[in-house]
Each structure stands twice: as structure tokens, then as C-alpha cells.
Amino acid sequence: MNSKNSTSKNQFKPDSLTESSNSELPPKVPVLSPAEWLKVNLFSNAFNSILTIISTGAILLIIRGLLSFIFNPLRQWSATATNMRLLMTQAYPEHQYVRIWVTLGFLLFLTGISLAFWRAGRSVQISQVGKRLLVVGAFISLVTLLAPFSSRATIIWLAVGLVIVGIGLLMKPANEDKTTSSMTLLSGAFLLAILSLWVIPYGHHSYISTRTPRILAEPGTVAMTTKLPWTIMFVVAVCSYFLGSFIRDKIDETRSKAILSTTWLISPLFLLFLVLRDPDFDTGHLFSTDIPIFLFFSLVGSILLLWLTRPEIGEKGRVISAVILFVGFATFLFQMLMIVRILTLVLAFFALAAPTFSGQKPARIRYTKMWIATMMILCWLITAINTPSTAKVPGDFFIGGFAITLMIFFFTMVLAFPLGVLLALARTSKFPIFRMISTTFIEFIRGVPLITILIFFSVMVPLFLPNGMDLTEIAAVTIAFVIFEAAYLAENVRGGLQSVTRGQHEAAEAVGMTNAQKTFFIVLPQALRVAIPPMVGQIIATFKETGLLAIIGIFDFLYIARSVIPGQTQYMGSTRENLLFVSLIYLVICFSMSKASQRVEKRVGLGER
Amino acid sequence: MTQNETESSVRGDRDLANAKDIIVCEGVSKWFGDFQALNNVSATIKEQEVVVVLGPSGSGKSTWIRCINRLEQHQEGRIMVDGVELSNDLRNIEKVRSEVGMVFQMFNLFPHLTVRDNISLAPIWVRKKPRSEAEEQATSLLERVGIPEQADKFPGQLSGGQQQRVAIARALAMEPKIMLFDEPTSALDPEMIKEVLDVMKELALSGMTMMVVTHEMGFAKEVADKIMFMEGGQIVETGTPEHFFTNPTEERTKLFLSQIL
């Protein structure tokens, strides 16, 4: 609020008037010249000067060491470049590769629309961009001079650096009110990167023509196989951004944002199990079993929930929900389809929550719609997972590499978050039995190393399963991650729960809210807001912990870089190059997650006390 | 809201002698550990009556009115609110709470919701009103407390007096039969006290049953039907404002009045 007021005030004061109304403006901070800046900040006294000189020398030495490692002719960077497909998706079938691009395209489409709807980006002064380019160009030139390049490479890179410096110099004197959107800059950078694919044959090395690598199929280089798809991806992202900003003002914004968020949550499931996995549906089974089960549950469930959400239902409703819950657990005693058991249990939870969300007709219909939507997603997913895949690959899962790292990370977060919230609520509950179970679980999981849990789930749990029940290693490992992260997230959420004051609880109780309503509408929103910074820390840690998959022999990003590629005869001993590449990717993703969380923190801080 | 005829209803119109009892306390006692906060408190409050509870700090005033909507549990005696006895039965507690509005010293607005949502949340989910109706009601309540233009702001953006008026509107949105005020002006700057007291006066004139814990003697003199003076967890003296301020009978009351007046 305040910043808005002050800017509008300033707009009404042209520069010529500042003299007369000087008393209202804060005194201007004098701008230092570079020499003065250096003197004040780096060479203010003898001790500081020594520190500056020593640390500058150390930084230069480190950069020089890193550069001479990277640009040493002995480095086999071709190992990383030619194996890019292996690193990203392991052995996903070549002729079905378009599915990967469709998946990526859909995600970029969602990204574009979301960026438009959430009004991402800010306006940047052209002169500021110029200053940045100056720094970048100078850095490139410095690096070129330090690196052990051949004279030709030195000249080329120096030229590049100087050109960037030149562009920066051109932009720097631009007027203060000349601005551009940071989104324009970002897409410009991406455009340059993609155009370079058409010019420079990345990943093209002499021995590709002589010795065809086993994994990489014809025609070979990264640039040649990906330049067209990446161009299409870029067009999709940009077009969807403009589409998003076009329809943004025409429809109800809060509602479409909710729809977008839900799509973000659900679409990875569909992309994974429908697009990437390409299940081979059995139409007979579909019409005889799956669809009837879906119709039965959505119809009977809807009627039941419409009745249970009547405000005047009272005690009868609770008894009926409890009976359904009992039936749900009892189904495990008899031989029947797994889908029926799961759906019965879900129905029981919906019935139990019905009194909390009961109300007039619109509220009741909304609740029933939620039930039908849940049924659709669940039935579809269970059916898709149960049908065999047409993507035939060696090993027991159809993707690997970076894709499986992302997939396990996504499932871990989506499942661990609600479980963690439940555990935190149980641990702060009034009922001793919940408190005991939750505390025991959390303390036990936190007391055991993650790698132990992972090995336990990948080796031991399949042995404990009853006859006829089957758990793939990927599923088992995902469950291991979920329970581990849930225990940690629960502690973060508990911290948030404790920050909600007693007055908030009392105010909610005083207006007659039930315990569930108080928790759902008052306590949790405030607690989760407080818990964002530690939770983001936990999420980043989780992303990095997926690297442990390499140790139990799942073909994840790190495993392929560490063991698979150096095992290829032509790339013996290329471990360090691959690890450097992998750590760069991890760094980029973790850093952007951390930046995104800072934005979210700022945004939700709006209603803060 | 139907209670907008504030001008026409004058306090004298009410027939308090024949009104029915709405809050009945019989021998209520409560301990915090070894400390006895309430000692055998018995009192009856009639419908449409405005009762001001006075007393030095630590005398059990707040504890008593917090017992009336079960934010604190009493350990001995009986409390009946509109014919429902407060016991451990959760349904009774929820029923009583949805008919008793409460205004807190520290406002306790929900900081993550806008003013309008603060007011309409409980009517939607507890009273099961349609959202549109609840939001209309919120708008008219905000008009009644004099801040209709603040509906879309967050509580953190309002002054203390405005926040307390929103808190009153939030309590009124449940259409309660009784309003409890727990030192509603103690956390406010002096210049904001009046705006809150004005809203409370208007509420009293409209015929609401009110129990007010306060240190505002002017309000007590002007608006109260009955003043109860508490000390050491007991009700020491009960009477009309004239009786209380001009010739109190108890020594302790006289001492208290001599210290504050």
C-alpha cells in the first residue's frame, strides 16, 4: 500500500519542482564513481586492502584451476554430450520419442499460461540490462584470458565477450523510463540458445562418424536431433503466454487460477501414465469391469454424499460413515479387486468429512462434484497402471535418468505433503492415541538414515508382501521417500501450527466452528504460511536426496552419469565430466526453487499481522 | 438485518421484569491449579438485559464470561445458557457457541482472510448459509458498524478501533442471542475507544442481551441495566448504575470506586 502511495506522489512532481518541495523527499544517496566505490568498500584500510588482494588472488586461482580442468583436451565432454538422451530418459524407445516431446510441450504450455495468469516478470530498465551485459561480457573475456585455450578459441571467445560488452555499452546510457519486461529478456535468451542449435552442432565430435555409440542412434548429434523439437517447444511456450494474457482478463481470475493449480497437480499423472507409458487398454475388460465400477461408485457415492451433506442429518450421518469405513477395512479380508477396496475407503473418508462441508444446495452439489472428479481420476489411474505398457525397454521401468528423478521427486512431494500435514495434526491432537502413533512414527523415521529405509523398501518389503500382491521397485522406493519426507515435513508443519496463537483458536471456537472447520479454515492456512521457508528447504533437500537412488541401483540421473556412461567402452574414465554436468543441473534447479519460494513468501505475506 | 430501528427502540421500552432468564449461573467455581479463580458465583441475566461486570484485575471477571461460552471449563456448579446446560457434551457446546457472540480484548481477527471473509466464514460453514446471502449480510453489518469501505482489506491494514468493530460484526453475523465483551476497549488507543463504544451502545439500544467486562465507567453508567462488582472470584455487589455509583453498600465496592473515580 505504502509503496503505491509514494510512487503516485512522486509522479506528480516533475524534476524541476523537487527543489521547492525538497522537505517532503528523502535526501538523495550520492552515487559513487567506481574508483570511490572500490575505495569505500574494498580498500578502506590496510587490513581490508590485504583481505581484498588475497581473496581476489584466491578466486582467480580457483577459476583458473576449474577452467583448466574443464578445457583440458583430455576431458571427454563428448561422453556427456553424446549420451544426453541416456542421461535424460535412459532407454526410452527411439520411435516413441515424440511422446517425450509432447509431455514437455504440454508442461511448457501450462507454464506459459500460468506465467501470464500470475503476472510473472517485472519491468527492467534498459540501462540496468546494459550494466548486467557489461559485467557478463567482462567476465567472459576474463575467463577466456585465464583459460588454457588454443589461440583460435581465445580469439573467438574474446570476440564474443567484447561484443557483449559493446552491446552493454550501447544500452547503458538509455533513458531511465525506457524499460522492458523481464519475460522478454528471458525469452530472448532462450531464443538465442535455440537459434544456436541450428548453427553450432553441439555434441558433434569426430569419432561419431567413425564409431557409432551404442545408445545414440542416427543421425547423432544433440543439436541435430533436438533443434526442431526445441524450436517448436519455444513457439508453444511463447504462444501460450500470449494466449494466457489474452484470456486472463476475459474470465473469472480466482476460479481459473484454481483450475490451473489443479491441472499442475494432476497433469503429471496423466502425462506419465497415458502419454509416456502408452498403456495397451483391453477394451473388453474396460467395458465389463472398469467402467461399471466407476459408474457404480460415482452414482451411489453421489446419492449418499448428497444425503449426508444435508445440514440436519446429525448423528445418523456419522454412524453411516463409520459403517462404510468399517466395510472398507473389511474388504481386505476377502478376495476382490483392489480398485473396489480403494474406492470404498475413499468413499468412507468423503462421508466422514461430509458434516464439515455440508450446507445449502450449491455447497452440497460442489461436494458431490468433487467426489465424481476424484472417482474419475482414481479409476482412470488405477486402470492405466494395471494395463501393460507398450513402451518396451530393458529393466523394469519405462523411463530412467533425469525423467525418473523428476518423477520420484514429484510423487514424493505430492504424497508426502498431505501425509506430513496429517502427521503434524495428529501430533498436536487432543487424543493421546493419535499423538502416540504420530510421535512414534516421526521419531522412528527421523532416527533412521534415509539410505537404510531405501534399502529396506527395495530389498525387504517385497519379501513381506502377501501372495499375489506385487510392488515394483520404483513404487517401493517412492513409498520409502514419502514416509521419510513426510516425517520431516510434519515437524516443519508442527512448527507452523504452534505459531498460531491461542486467540485464533478461541475466536474460531467462539463463532461455533467444529474442530475440523477450525483446523481447515483457520489454523492450517496460517500454519502453512509460516512453514513455507523450512518446507522449501526440505523440498530442495528431497530433490537432492533422490541421488541416493543411484546407490540402490535404480537408473536415475546420477547413476547413469556415475556408472553407466563411464562403463561404455569408448568413454572409459569420463566420470568426472558427467558428475560436473549433473551437479550443474542440480544446482540450476535447486537455485530456481529457492528463488521461486522467495517470491511465494513475499506474495503470501500480504495479510500478515 | 432486521434490527435497524435503533432510533425508535428506547431502553425504557423493555419489560425487564417479565423477561425470561437467558443465562443462569448457580454456584460456579473454577480453579487454575491451586488458585481459585471463581468462587461460588451465582447470577441470573434476563433477555435484553445489559450487564456490566466491574472489578480490579485478577478478580475473575474475564474467567467468568469465558466460562459462559465454554472457552474455560468450570469445575463446580451449573451454567445454563438459553435452556442448554454447559457440560462436556460437544453438541451442547457447539449449540451454545453459535448463539453466544464473543468479542475479545485482542480482536483475534483471522489475519489470512479479508474483512468480508472474516465475517462471512462462520455463517457459511456453521449456519450453512449460501455464500451470496452471507456476503450480503457481511456488507450490511459493516455498514452497521460504520466501515463498509474496508470490506476487501486484510485485518492487518486496519486500525485497532476498526479491527474491533470488524470483530463485533463477525460476532453479530452469527445472529447471536447474547453478546459477550471481554474488555473490548483495553487494547485500543484512547481516540479509538469512542468509536467502539458507540457501536456497543447502538447494539444495547437495539435490544441485544449483553455482558460486558470493561473499565469504561462512563459506558457502565450510561448503558448498563445492572452492574456486578467482582473481587477475589466472587460477586460482591449487584445493582443498578445509580445504586452502584451513588451509594454502594459494600466496603470493598466503596474502596474500588474511591480508587478509580
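Labels below follow one simple rule: chain letters A, B, ... track the order of the sequence lines, proteins then strands, and each chain is numbered from 1. Because the structure is predicted, anything quoted here is derived from the model rather than measured.
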All salt bridge (Lys or Arg N to Asp or Glu O under 4.0 Å) counterparts of K20(B), not counting sequence neighbours:
D82(B)
May I ask you to test the Q526(A)-P111(B) pair for a side-chain heavy-atom distance under 4.5 Å?
yes
Check for a donor-acceptor pair, side chain of N108(B) on one end and backbone N or O of A507(A) on the other, with a separation under 3.5 Å.
no
T514(A) versus chain B, the contacting section by heavy-atom distance below 4.5 Å
both
If one checks every heavy atom of M174(B) against chain A at 4.5 Å, the contacting part turns out to be side chain
Within a strict 4.5 Å, meaning less than it, do heavy atoms of the R170(B) and V511(A) side chains meet?
yes
Are there over 12 heavy-atom neighbours, none belonging to R318(A), within less than 6.0 Å of that residue's CZ?
no
P355(A) and K128(B): which non-hydrogen atoms are nearest, and at how many Å?
O-NZ, 3.3 Å
Answer key: most heavy-atom pairs under 4.5 Å with chain A among P123(B), S98(B), P130(B) is P130(B)
Shortest non-hydrogen contact from P525(A) to H112(B)?
CB-CD2, 3.4 Å
Measure distances from R364(A) to the heavy atoms of chain B and classify the residue's part below 4.5 Å as side chain, backbone, both or neither.
neither
Give every donor-acceptor pair under 3.5 Å between a side-chain atom in residues 303-310 of chain A and any protein atom, sequence neighbours left out.
{"residue": "T309(A)", "atom": "OG1", "partner": "L305(A)", "partner atom": "O", "Å": "2.7"}
{"residue": "T309(A)", "atom": "OG1", "partner": "L306(A)", "partner atom": "O", "Å": "3.2"}
{"residue": "R310(A)", "atom": "NH2", "partner": "E312(A)", "partner atom": "OE2", "Å": "3.2"}

List in chain and number order the residues that pass ring pair (Phe, Tyr, Trp, His ring centres under 6.0 Å) with W125(B), two or more places apart in sequence or in another chain; answer none if no residue qualifies.
F357(A), F521(A)
Who in residues 61-81 of chain B is close to chain A, using a strict under-4.5 Å heavy-atom cut-off?
R66(B), N69(B), L71(B), E72(B)
Which bit of L180(B) is near chain A, if near means a heavy-atom gap under 4.5 Å: side chain, backbone, both or neither?
neither
Full working for side-chain contact (heavy atoms from CB on, under 4.5 Å) between L121(B) and M513(A):
CA-CA 10 Å; L121(B) 188 71; M513(A) 287 189 192; 3.3 Å; yes
Heavy-atom distance under 4.5 Å to chain A: side chain of K129(B), backbone, both or neither?
backbone
